[in-house]
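These notes are about the structure you will find just below.
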Amino acid sequence: MTQTSTAPNGQALLDIRGLHKQYGKLEVLKGVDLTMQRGNVVTLIGSSGSGKTTLLRCVNMLEEFQGGQILLDGESIGYDEVNGKRVRHAEKVIARHRAMTGMAFQQFNLFPHLTALQNVTLGLLKVKKLHKDEAVALAEKWLERVGLFERRDHYPGQLSGGQQQRVAIARAIAMNPSLMLFDEVTSALDPELVGEVLNVIKGLADEGMTMLLVTHEMRFAFEVSDKIVFMNQGRIEEQGPPRNCSNTRNRRVWRNFSRTLVFNPINQEKHS
């Protein structure tokens, strides 16, 4: 997939600086710093409640944040500082920034009254304003890429959970985002369906798509990631290449955490 960019060469695609997020008095993110280059795959791991999903949702502006800065392709996301005051962007600007990212959720969020093809073309028609023929061709291309071209006229209720998740991924990618966000996309699937979704994500990573993932599928994370980020209680405890994760200053914390995770091998067989 061809990634478009407006940022200077060498500039991080995603640059998070001192990110703080609160729900009332509860501080969920406590000064998170994270950078990603184009083509990187970065995986966020950590216990439930460590802030992983909240971080993704802040990048996509599905959650507001109270402090810090998120830069995507060189542009400040959500807020600017004007005369020393933090000013929220207009909704039109936020919508444009949100379109720079694609997000696949734990739940598939497909429209049940639309076919797989119609679910993928909807955003292309309404947001991208593509001609119908162009939207259909692009949607069919991505449905074929995730192995569902033959089921393009099926409704979500006629598809398995893994197939529905692959439609959701195709829908997000068809919008040509600069950054893909995956939030535990296999957590709602039966174990036998996990491999088919992981195979799609691994294929996209092999093609150079930039991704920020939250997952508990540790073997997959180690195979696909350029960097593993271990979050704990709203902070980044450790980050680095997968091969270094067991050789950190928090080795005891890492070992205790990794014993609780699912080491799910990627199923290399083709799934229809």
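FYI, side chains are in, hydrogens and waters are out, and symmetry mates aren't considered; it's all heavy atoms of this structure.
- With a 4.5 Å cut-off between side-chain heavy atoms of Ile, Leu, Val, Met, Phe, Trp and Tyr, the cluster of Y155 takes in none.
- In terms of modelled atom types and a separation under 3.5 Å, the side chain of K52 and the main chain of D183 share no donor-acceptor contact.
- Here the straight-line distance linking atom CG of L72 with atom CG of D15 works out to 10.5 Å at 0.5 Å rounding.
- Shortest non-hydrogen contact noted between P112 and P156 is O-CD, 3.7 Å.
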Can E237 and M231 be said to form a side-chain contact (heavy atoms from CB on, under 4.5 Å), step by step? CA-CA 6 Å; E237 292 278 338; M231 295 190 67; over 6 Å; no
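- Closest approach of A135 and L124 over heavy atoms only: O-CD1, 3.6 Å.
- For L117 against A139, the heavy-atom pair with the smallest separation is CD1-CB, 3.6 Å.
- The closest donor-acceptor contact from the side chain of Q165 to the backbone of F105 lies under 3.5 Å.
- With respect to D73 and R38, a salt bridge is recorded, a charged nitrogen being found less than 4.0 Å from a carboxylate O.
- Taking CZ from F182 and CG from L212, the interatomic distance works out to 10.5 Å, rounded to the nearest 0.5 Å.
- Note: the hydrophobic cluster containing M175 also contains L138 (ILVMFWY, side chain heavy atoms under 4.5 Å, direct or indirect links).
- Salt bridge annotation for E238-R235: absent, with no cationic side-chain nitrogen under 4.0 angstrom from a carboxylate oxygen.
- When atom types are taken as modelled, the side chain of K227 and the backbone of V41 share no donor-acceptor pair closer than 3.5 angstrom.
- Looking only at side-chain heavy atoms (C-beta outward), Q239 and I228 stay at 4.5 Å or farther from each other.
- With hydrogens and angles disregarded, a donor-acceptor distance shorter than 3.5 Å links the side chain of R98 to the backbone of N60.
- A distance of 6.0 Å separates CD of Q163 from CD of E196, quoted to the nearest 0.5 Å.
- The pair R151-D153 does not meet the salt-bridge criterion, since no charged nitrogen lies less than 4.0 angstrom from a carboxylate oxygen.
- A 4.5 Å side-chain heavy-atom check between I236 and L34 finds at least one atom pair inside the cut-off.
- Remark: F65 pairs with Y79 by the ring-ring contact (aromatic ring centres under 6.0 Å, His included) rule, at least two apart or across chains.
- Cluster annotation: M100 is connected to I94 through the hydrophobic network of ILVMFWY side chains, with a link wherever side-chain heavy atoms come within less than 4.5 Å.
- Checking side-chain atoms of R166 against main-chain N and O of V146 turns up a donor-acceptor pair under 3.5 Å.
- Within the structure, side-chain hydrogen bond (donor to acceptor under 3.5 Å, both in side chains) contacts touching residues 27-36 (residues at least two apart or in different chains) are H20-E27.
- Counting heavy atoms from C-beta outward, L213 and V42 have side chains that stay 4.5 Å or more apart.
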Do L204 and M180 pass the side-chain contact (heavy atoms from CB on, under 4.5 Å) test, and can you show the C-alpha distance, the side-chain angles, and the key distance before you say yes or no? CA-CA 10 Å; L204 296 171; M180 269 299 299; over 6 Å; no
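- A donor-acceptor distance shorter than 3.5 angstrom exists from the side chain of Q66 to the backbone of Q22, with no hydrogens or angles considered.
- Transitive grouping of hydrophobic side chains (ILVMFWY, heavy atoms separated by less than 4.5 Å) keeps L71 and M61 in distinct clusters.
- Judged purely by atom type and a 3.5 angstrom limit, E63 has no side-chain atom pairing as donor or acceptor with the backbone of C58.
- The shortest distance between side-chain heavy atoms of M218 and I45 falls below 4.5 Å.
- Contact record, G46 with H216: O-NE2, 3.5 Å, taken as the closest heavy-atom pair.
- Summarising the geometry, atom OG belonging to S48 is positioned 8.0 Å from atom CD belonging to E184; distances are rounded to the nearest 0.5 Å.
- L143 and L125 fall into different hydrophobic clusters, defined by Ile, Leu, Val, Met, Phe, Trp and Tyr side-chain heavy atoms under 4.5 Å apart, directly or through other members.
- A 4.5 Å side-chain heavy-atom check between I173 and M209 finds at least one atom pair inside the cut-off.
- Between Q37 and L13 the shortest side-chain heavy-atom distance does not fall below 4.5 Å.
- A donor-acceptor pair under 3.5 Å links the side-chain atoms of N119 to the main chain of L114, judged by distance alone.
- Minimum heavy-atom separation, Q118 to T115: OE1-N, 2.9 Å.
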What's the verdict on side-chain contact (heavy atoms from CB on, under 4.5 Å) for E134 and K128, showing C-alpha distance, side-chain angles and the deciding distance? CA-CA 11 Å; E134 187 179 1; K128 293 288 190 179; over 6 Å; no
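- Pairing each heavy atom of G234 with each of V32, the nearest pair is O-CG2, 3.6 Å.
- Using a 4.5 Å heavy-atom cutoff, the side chains of L193 and V197 are not in contact.
- The pair E64-R57 fails the salt-bridge criterion, with no side-chain N (NZ, NE, NH1 or NH2) lying under 4.0 Å from an Asp/Glu carboxylate O.
- By the 6.0 Å contact criterion, CD on Q233 is open, its count of non-hydrogen atoms from other residues, nucleotides or ligands being 12 or less.
- In terms of modelled atom types and a separation under 3.5 Å, the side chain of S225 and the main chain of F222 share no donor-acceptor contact.
- Under the 4.5 Å side-chain heavy-atom criterion for grouping Ile, Leu, Val, Met, Phe, Trp and Tyr, V136 is connected to L110 within one hydrophobic cluster.
- Side-chain atoms of R152 come within 3.5 Å of backbone atoms of F149 as a donor-acceptor pair (strictly under, hydrogens ignored).
- The closest side-chain heavy-atom distance from E207 to R145 is below 4.5 Å.
- Under 3.5 Å, the side chains of N40 and T210 contain no donor-acceptor pair of N or O atoms.
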Would you check, one step at a time, whether the test side-chain contact (heavy atoms from CB on, under 4.5 Å) holds for L189 with F108? CA-CA 10 Å; L189 300 177; F108 322 125; 3.7 Å; yes
